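Worth saying up front: this structure is predicted, and the values here are computed from it rather than measured. Atom set for the values below is all heavy atoms of this structure, side chains included, hydrogens, waters and symmetry mates excluded. By convention in this document, chain letters (A, B, ...) are assigned in the order of the sequence lines, proteins followed by strands, and residues within each chain are numbered from 1.
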Number of protein chains: 2
Amino acid sequence: MYTKSIHYDVIDVNLAMRKMTKDECLDDLKHRILSTDLAPGSDLDETALAEHYGISRTPMREVLHRLAGAGYISSTENRGSKVASMDIGTMRTFFQTAPMIYANIASLAAEARTGPQLEDLKAAQRAFTNATAANDAQAAALANHHFHAVIGQMAHNPYLVASLGRLLIDHTRLSQRFYRPASEEEERRIEKAGEQHDAMISAIEAYEAPLALDLSLQHWDLSRDRMERYVRPDPLPVDVVSLKDHRNAV
Amino acid sequence: MYTKSIHYDVIDVNLAMRKMTKDECLDDLKHRILSTDLAPGSDLDETALAEHYGISRTPMREVLHRLAGAGYISSTENRGSKVASMDIGTMRTFFQTAPMIYANIASLAAEARTGPQLEDLKAAQRAFTNATAANDAQAAALANHHFHAVIGQMAHNPYLVASLGRLLIDHTRLSQRFYRPASEEEERRIEKAGEQHDAMISAIEAYEAPLALDLSLQHWDLSRDRMERYVRPDPLPVDVVSLKDHRNAV
DNA sequence: GAAATTCTGAATGTATACAAAAAGTATACA
DNA sequence: TGTATACTTTTTGTATACATTCAGAATTTC
């Protein structure tokens with residue numbers, strides 16, 4: 001999915017494009033929402049979107065309903081759709097819920113995974129490491145999303161996968177900027193996330209459920225650290241004058 | 001919702017009815033699926049349904065997509081929709097997942113509930129006791145569904161509610177026949193379920209999260225017992241002859 | 001007679017015209 | 001100036017005709 005990702009010039013985003021199929025349209029909108037290219041809370045005009053994707057309003061509306069069902073957008077009767085918002089309440093709930101779901105999903109995945117799914121997972125991990133190596137933050141976030149979605153498939157639990165899908169939407173949007181290392185320390189953390197992915201693959205491959213669970217919790221801790229560090233960064237220097245001097249000195 | 005429930009003669013189910021609004025259609029289909037009036041796995045013909053509800057295919061398709069998004073039905077491209085199936089694998093997963101979600105939802109509900117929601121919950125419980133008192137198994141199952149859905153709203157956690165919604169669909173369908181007591185013992189169990197509901201209401205009202213969690217686990221145990229008893233009933237008597245004698249003696 | 005192929009029909013999928021609802025704008029009036 | 005109300009515009013919702021797809025029947029071929 002993320003290897004054959006759809007590419008088109010960002011400049012062209014608001015111009016009509018050659019007839020896209022309904023599924024491509026669905027995938028493209030998902031990617032644009034996950035990458036926060038479409039900001040949380042922004043309005044979606046079905047006529048404009050239909051024109052943009054070169055399909056009529058009927059299938060466009062169907063796509064929007066599917067996105068609403070999966071939690072990507074929220075629609076109100078007679079008042080259109082908007083990209084799912086991410087307010088402070090959502091974030092709190094997210095941090096509260098994610099570890100439990102992730103851990104259980106990982107454990108179930110290690111119990112129920114199939115061979116082909118394992119190959120998918122390894123492919124997703126390759127895409128992830130490629131993206132981080134290329135410093136492509138957006139691709140890395142999407143590849144990470146896909147990696148965890150595949151683990152969800154492995155878990156073979158439609159109930160929990162419904163939660164997981166919604167968690168991943170917000171997780172990916174939150175972490176959108178994290179894979180562009182701001183410091184050596186950050187770079188080391190991204191590296192570590194990749195290593196944790198590899199460890200999780202091994203545990204799942206060996207059907208070691210408790211280990212997979214434990215690793216996924218460690219992975220969550222790392223991810224949470226980075227999100228907290230982003231939400232609550234180091235405060236700006238108080239002594240602005242000396243900072244200015246320092247700048248001038250460069 | 002379950003107090004002003006839609007009534008129409010069961011005989012009329014396959015005849016066209018006076019123009020229903022889209023939302024009514026959605027609710028009616030949900031009820032018919034939850035009550036297993038529409039059996040798991042059965043095919044849904046969108047043309048026939050549209051005619052039945054007196055709306056055109058466009059809004060009918062929208063309703064079907066909404067139902068698919070919520071897990072009531074599953075649709076395949078170019079091959080229509082069918083009521084979500086309930087195979088042995090689904091059941092296993094259900095029993096595996098339900099207690100965790102229910103318990104966490106109950107705990108969160110006790111932390112976050114609002115006043116109006118508490119009133120909704122009490123109303124749902126009244127509907128439930130009325131239905132059991134009237135020996136209306138179907139109404140009881142739907143009222144029970146609503147009761148737990150309201151607790152889901154209280155929890156204020158869209159991630160877990162996505163799981164809960166799907167669990168409740170299967171739970172309600174599984175327990176469809178349970179509220180028609182087959183014995184005094186069964187009657188006592190239904191009574192106990194109602195008492196547990198009351199205890200949960202009190203815990204939630206008092207913001208006592210750990211208690212609500214514990215009560216919901218007890219409630220689950222009872223529910224699970226009854227489902228197991230249904231799936232694996234007492235074996236038929238081996239000594240058929242003596243049974244026959246017994247019957248004749250009556 | 002069995003297998004493959006081509007029809008045929010019944011369903012789903014799409015486009016478009018029209019209806020209804022909401023939002024925005026201008027005007028009248030206090 | 002501020003408010004209310006009627007009108008206009010924009011956007012969403014619905015119906016319907018048409019296109020496409022798929023499953024099964026009929027036909028052909030070996």
Asks: Can you give me the closest heavy-atom contact between Ile73(B) and Leu64(B), atom names plus distance?
Replies: CD1-O, 3.2 Å
Asks: Any side-chain N or O of Lys22(A) below 4.0 angstrom from OP1/OP2 of dG13(C)?
Replies: no
Asks: Rounding to a whole Å, what distance do you find between Met60(A):CE and dT12(D):P?
Replies: 11 Å
Asks: What is the distance from CD of Glu62(A) to C1' of dA15(C), rounded to the nearest Å?
Replies: 14 Å
Asks: Kindly point out which of dT12(D), dG13(C), dC22(D) is positioned nearest to the side chain of Arg61(B)?
Replies: dG13(C)
Asks: Side chain of Glu46(B) only, heavy atoms from C-beta on: which candidate in dT12(D), dT12(C), dT14(C) is closest?
Replies: dT12(C)
Asks: Paired with dA19(D) by Watson-Crick or G-U wobble geometry, both distances under 3.5 Å: which nucleotide is it?
Replies: dT12(C)
Asks: Is it the case that the ring center of His197(A) lies less than 6.0 angstrom away from the ring center of His148(A)?
Replies: yes
Asks: Side-chain N or O of Arg79(A) less than 4.0 angstrom from OP1 or OP2 on dA21(C)?
Replies: no
Asks: Which whole-number value in Å describes the distance from Asp43(B) CG to dA23(D) C1'?
Replies: 13 Å
Asks: Tell me: CG of Leu49(A) to C1' of dT14(C), nearest whole Å?
Replies: 17 Å
Asks: Give the rounded distance in Å between these two atoms: CG of Asp45(B) and C1' of dA10(C).
Replies: 9 Å
Asks: Let me know, please, whether Asn78(A) or Leu44(B) comes out on the 5' side of the other along DNA chain C by nearest nucleotide.
Replies: Leu44(B)
Asks: Could you say whether Glu77(A) or His65(B) is positioned toward the 5' end of DNA chain C, judged by the nucleotide with the nearest heavy atom to each?
Replies: His65(B)
Asks: Does the base of dT16(D) carry an N or O that pairs as donor and acceptor with the side chain of Thr58(B) under 3.5 Å?
Replies: yes
Asks: So is Arg224(B) actually on top of Phe95(B)'s ring, under 6.0 Å and inside 45° of the axis?
Replies: no
Asks: Specify the separation, in whole Å, of atom CG of Leu64(B) and atom C1' of dG13(C).
Replies: 13 Å
Asks: Determine, for Lys122(A) against Glu205(A), whether the closest basic-nitrogen to carboxylate-oxygen distance falls under 4.0 angstrom.
Replies: yes
Asks: Mind running side chain to side chain donor-acceptor pair (under 3.5 Å) on Asn104(A) and Ser107(A) for me, showing each step along the way?
Replies: CA-CA 5 Å; Asn104(A) 279 293; Ser107(A) 168; 5.9 Å; no
Asks: Tell me: CG of Leu26(B) to C1' of dG13(D), nearest whole Å?
Replies: 16 Å
Asks: Does the base of dG13(C) carry an N or O that pairs as donor and acceptor with the side chain of Arg57(B) under 3.5 Å?
Replies: yes
